[in-house]
Chemist: 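Sharing a structure, written as structure tokens. Questions coming.
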Amino acid sequence: MEKKKPFYITTTLPYINANPHIGFALEIVQADAIARYQRLLGKEVIFNTGTDEHGLKIYRKAKQEGIDIQTYIDIYAKKFDFLKKALNLSYTNFIRTSNEHHVHAAQEFWRRCDANGFIEKRIYQAKYCVGCELEKTDSELNYLKCSLHPNMEIELINEENYFFLFSKFSEKLLQYYAENLEFVIPNHRFNEIKAFVERGLTDFSISRLKEKMPWGIAVPDDSDHVMYVWFDALVNYISTLGWPEDEKQFETFWGTKDEPNALQVAGKDNLRQQSAMWQAMLLAADLPMSKQVFVHGFIISEGQKMSKSLGNVVDPYVVIDKYGTDAVRFYLLGALPSYDDGDWSTQRFEEFYTAHLANGIGNLTSRILTMVEKYDDGVVGNKTNDTLRTTDFWDKYNEAFTKFDFETVIGLVNNFARSLDEIISEEKPWKKVKNGEDISGLLYQLTEGLRHVAIALLPIIPESAEKILSELGISLDGLETFDKERQWGRLKQGAKVEKGEALFPRLV
RNA sequence: AGCGGGGUAGAGCAAUUGGCAGCUCGUCUGGCUCAUAACCAGAAGGUUCCCGGUUCGAGUCCGGGCCCCGCAACCA
């Protein structure tokens, strides 16, 4: 058997101090569409996600909820893993940073950075407000006082911390950016990170005193400290591949220095961590860097930033429950800009659904299959040549997918579906039947066209796409890669079709 | 302060080197009956943020102004 090319994609790991956010749903649906697309190209895909489970906030949240920390993280990890079913995700790996192997990998990663001379113990100075019982940054202070407790003195605390020598990596990062012109997509985020690194990097603290923050991975050979969550969490991208023991899988999927292979998907708030900090950490550990970081925007709600006080927070489980998995996937991918912030609005959601899924693809499927059943006994007619310019369609489709431009991908599919509606109006098959004309060629063209629509939708709304295919009598087991499926005429003449329930019921 | 992006129809966005201002949704009218009251055709809807300049011609180039957004490090 031909060896499949490896493809590796990972989301960021959501921090489980709150329930899943619609913004993370966007990230993981985008990653899922990419993963499914790559599988259809014939690649062997490892698609990683998981949960980031250490750190002070989680430690406090568990205490606050009055449950022990293991119970807390188990409950939350499950809440995130439920998204798999709810959003029909195809991830292969779900890594929890509390996982034993991950802990071991993070420690080994630390050791290597340390052995290479990029970790140093220093005095860490912080400003501490006793009123809040929190460390404060300068930007949080007002005339050297905590804005919440202006009558209390800010305490200066000194403690020993380990620091990562981030400052040593400015040049290497800039060089990598210069050599990899598409390292960060989209370009405006790439410029942002370049500007950030060009300003010069400052070393950052990567440990906390265990007595103050017990919930973390122990620093190797120093039981007084635990790792700062970022340092620990980022290592998941490679620990999930079995690093450091499974060198083969690591090299195959993460790639090598000459041929990096990892694609990371992250939100704009994560730009720095993913495309600079983590890359410097990889350099420090003498490991290959990522191939590419795709950065999506945020979702605002009804034109405003989501906030609990405004009461406009969108809960992914609620909208999935209301509209269905594919409707939500379709909106996230098709109605929001891939590279910028987008708006979640109920009105726009319902208009988008009605226009493109109910009136568009759903209705088209229904009318074509009805005609085949009514006029041709449910049997696919005589093969015809391609008059639908499918080659052109597929070329554009691939181009858009390569750029993670899901909005354009869906626009292309909608236009293609519309062209089938136009043909039906022009050819008036019902009239031709009355006149005793043979329309089996026309019906072949339409059913084969519909097959192309369904294939193109497989990465976007898999469940509905599969339904269309099975109504066309196509078995999913027999599906080939895109390069074969995009050919005109794969639908067999004489195949039996069977119309099903409405794919996208009208909203009432 | 600075660096970067932007202001185009009711909404979301397009317009290679300056050359009739387009697309999707929504709205209105007509047609059709295979279809999920769906579909198809057509129409209405623009001072392209403002002022000035260059040009035969400016959304696009130049000068000035107003407004919005991102970045401006340790907040997972």
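The model shown is predicted, which means the values in this text are computed figures rather than measured ones. Naming: A, B, ... by sequence-line order, numbering from 1 per chain. Atom set for the values below is all heavy atoms of this structure, side chains included, hydrogens, waters and symmetry mates excluded.
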Chemist: Looking at A:F298, is A:K268 sitting on its ring face, NZ or CZ under 6.0 Å from the six-membered ring centre and within 45 degrees of the normal?
Modeler: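 Judged by the rule, A:K268 and A:F298 form a cation-pi pair.
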
Chemist: Between A:D395 and A:R389 (salt bridge meaning N to carboxylate O under 4.0 Å), is one present in this structure?
Modeler: no

Chemist: Nearest whole angstrom, please: distance from the P of B:A38 to the CD1 of A:I361.
Modeler: 17 Å

Chemist: Considering only atom P, compute the distance from B:G64 to B:U24 and round it to an integer number of Å.
Modeler: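 Approximately 39 Å lies between the P atom of B:G64 and that of B:U24.
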
Chemist: Taking A:R189 first and then A:E192, would you say they form a salt bridge - that is, a charged N and a carboxylate O separated by under 4.0 Å?
Modeler: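 Counted as a salt bridge, because a side-chain N and a carboxylate O are separated by less than 4.0 Å.
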
Chemist: Is the closest basic N to carboxylate O distance between A:K403 and A:E399 below 4.0 Å?
Modeler: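 Answer for the salt bridge query: yes.
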
Chemist: Within 45 degrees of the ring normal and closer than 6.0 Å to the centroid, is that where the cationic atom of A:K78 sits relative to A:Y76?
Modeler: no

Chemist: In whole angstrom, what separates A:N359's CG from B:U33's P?
Modeler: 20 Å

Chemist: Looking only at side-chain N and O atoms, does A:N415 come under 4.0 Å of OP1 or OP2 in B:U24?
Modeler: no

Chemist: Taking only the C1' atom of each, what is the distance from B:A21 to B:C34 in whole angstrom?
Modeler: 38 Å

Chemist: Rounded to the nearest Å, what distance is computed from the CG atom of residue A:L336 to the C1' atom of nucleotide B:C13?
Modeler: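 About 13 Å, once rounded to whole Å.
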
Chemist: Could you work out the separation of B:G31 and B:G22 based on their C1' atoms and round it to a whole Å?
Modeler: 26 Å

Chemist: Ion pair present between A:K61 and A:E65, side-chain N to carboxylate O less than 4.0 angstrom?
Modeler: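 A salt bridge is present here (some side-chain N lies under 4.0 Å from a carboxylate O).
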
Chemist: Within 45 degrees of the ring normal and closer than 6.0 Å to the centroid, is that where the cationic atom of A:K172 sits relative to A:F169?
Modeler: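 No, cation not above the ring by the 6.0 Å, 45° rule.
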
Chemist: I want to confirm an ordering. Mapping A:E501 and A:K434 to their closest nucleotides on RNA chain B, which one lands closer to the 5' end?
Modeler: A:K434

Chemist: Between B:C34 and A:W430, is there a base-stacking contact, meaning the centre of the base's six-membered ring lies under 5.5 Å from the residue's ring centre while the planes stay under 30° apart?
Modeler: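 One would call A:W430 stacked on the B:C34 base.
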
Chemist: Can a side chain N or O of A:R506 be found less than 4.0 Å away from OP1 or OP2 on B:A38?
Modeler: yes

Chemist: Counting the atoms with a prime plus P, OP1 and OP2 as sugar-phosphate, which does A:L201 contact under 4.0 Å by heavy atoms, base, sugar-phosphate, or nothing?
Modeler: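 Base contact.
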
Chemist: I'd like the P distance from B:C50 over to B:G59, given in whole Å.
Modeler: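 That atom pair is separated by 11 Å.
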
Chemist: For A:N363, answer base if it contacts any base atom (sugar-phosphate contacts may also be present), sugar-phosphate if it contacts only those atoms, and nothing otherwise; contact means non-hydrogen atoms under 4.0 Å.
Modeler: base

Chemist: Just do the salt bridge (charged side-chain N to carboxylate O under 4.0 Å, His left out) check on A:R122 and A:D203 with the steps written out, would you?
Modeler: CA-CA 11 Å; A:R122 293 183 190 162; A:D203 303 338; 2.8 Å; yes

Chemist: At less than 4.0 Å, is any side-chain N or O atom of A:K374 found next to OP1 or OP2 of B:A35? Yes or no.
Modeler: yes

Chemist: On RNA chain B, does the nearest nucleotide to A:D421 precede the nearest nucleotide to A:A195 from the 5' side, or the other way round? Give the residue.
Modeler: A:A195

Chemist: Please classify the nucleic acid contact of A:T370 as base, sugar-phosphate, or nothing, using heavy-atom distances under 4.0 Å.
Modeler: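 Sugar-phosphate only.
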
Chemist: Please classify the nucleic acid contact of A:H356 as base, sugar-phosphate, or nothing, using heavy-atom distances under 4.0 Å.
Modeler: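 Since only primed, P, OP1 and OP2 atoms lie under 4.0 Å of A:H356, the category is sugar-phosphate.
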
Chemist: Taking only the C1' atom of each, what is the distance from B:A58 to B:C49 in whole angstrom?
Modeler: 16 Å

Chemist: Rounded off to whole Å, could you give me the CD1-to-P distance for the A:I300 and B:A11 pair?
Modeler: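 In whole Å, B:A11 P and A:I300 CD1 are 14 Å from each other.
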
Chemist: Who does B:A43 pair with, Watson-Crick or G-U, both distances under 3.5 Å?
Modeler: B:U27

Chemist: For A:Y375 and B:C34, is the shortest distance between a side-chain N/O and OP1 or OP2 below 4.0 Å?
Modeler: yes

Chemist: Within the 4.0 Å heavy-atom criterion, would you say A:G200 contacts the bases, only the backbone, or no part of the nucleic acid?
Modeler: base

Chemist: How close or far is atom C1' of B:G12 from atom CD of A:E351, stated in whole angstroms?
Modeler: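 Value for this atom pair: 11 Å.
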
Chemist: Taking the P atom of each, how far is B:A14 from B:C74, in whole Å?
Modeler: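 Their P atoms lie roughly 31 Å apart.
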
Chemist: At 4.0 Å (heavy atoms only), tell me whether A:L503 reaches a base, stays on the sugar-phosphate, or touches nothing.
Modeler: base

Chemist: Let's see if you can work this out: which of B:U36, B:C74, B:C39 has an atom nearest to the side-chain heavy atoms of A:A358?
Modeler: B:U36

Chemist: Pick out the pairs of N or O atoms, protein on one side and nucleotides 69-71 of chain B on the other, that lie under 3.5 Å.
Modeler:
residue, atom, partner, partner atom, Å
B:G70, O2', A:R189, NH1, 3.2
B:G70, O2', A:E192, OE1, 3.3
B:C71, O3', A:R272, NH2, 3.0

Chemist: Could you check how far OH of A:Y162 sits from C1' of B:C74, rounded to whole Å?
Modeler: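 Rounding to the nearest Å, OH of A:Y162 and C1' of B:C74 are 19 Å apart.
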
Chemist: Go ahead and name the base partner of B:C3; Watson-Crick or wobble counts if both distances stay under 3.5 Å, otherwise write none.
Modeler: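 Result: B:G70.
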
Chemist: Across all strands, who's sitting opposite B:C34 as a Watson-Crick or G-U wobble pair, both distances under 3.5 Å?
Modeler: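 Across all strands, not a single nucleotide pairs with B:C34.
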
Chemist: Within the structure provided, determine whether A:L26 and A:L336 are in side-chain contact (heavy-atom separation under 4.5 Å).
Modeler: yes

Chemist: For B:C20 and B:U48, measure between their C1' atoms and round to the nearest Å.
Modeler: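 My reading of the C1' atoms in B:C20 and B:U48 gives 15 Å.
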
Chemist: In whole Å, what separates the P atom of B:A1 from that of B:C69?
Modeler: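 It works out to 14 Å between them.
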
Chemist: Heavy atoms only, 4.0 Å cut-off, all strands: where does A:G362 land among base, sugar-phosphate and nothing?
Modeler: base

Chemist: When the distance from CD of A:Q304 to C1' of B:A11 is rounded to whole Å, what number comes out?
Modeler: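 After rounding, the gap between these two atoms is 16 Å.
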
Chemist: Which is true for A:K499 with a 4.0 Å heavy-atom rule: it touches a base, it touches only sugar-phosphate, or it touches nothing?
Modeler: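 A:K499: backbone/sugar contact only, no base atoms under 4.0 Å.
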
Chemist: Closer than 4.0 angstrom, basic N to acidic O: yes or no for A:E373 and A:K499?
Modeler: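 The answer is no: the pair does not qualify as a salt bridge.
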
Chemist: Atom CD1 of A:I193 and atom C1' of B:C3: how far apart are they, to the nearest Å?
Modeler: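 From A:I193 CD1 to B:C3 C1': 14 Å.
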
Chemist: OP1 or OP2 of B:A38 versus the side-chain N and O atoms of A:R418: is any pair under 4.0 Å?
Modeler: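 For B:A38, OP1/OP2 do not have a side-chain N/O of A:R418 under 4.0 Å.
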
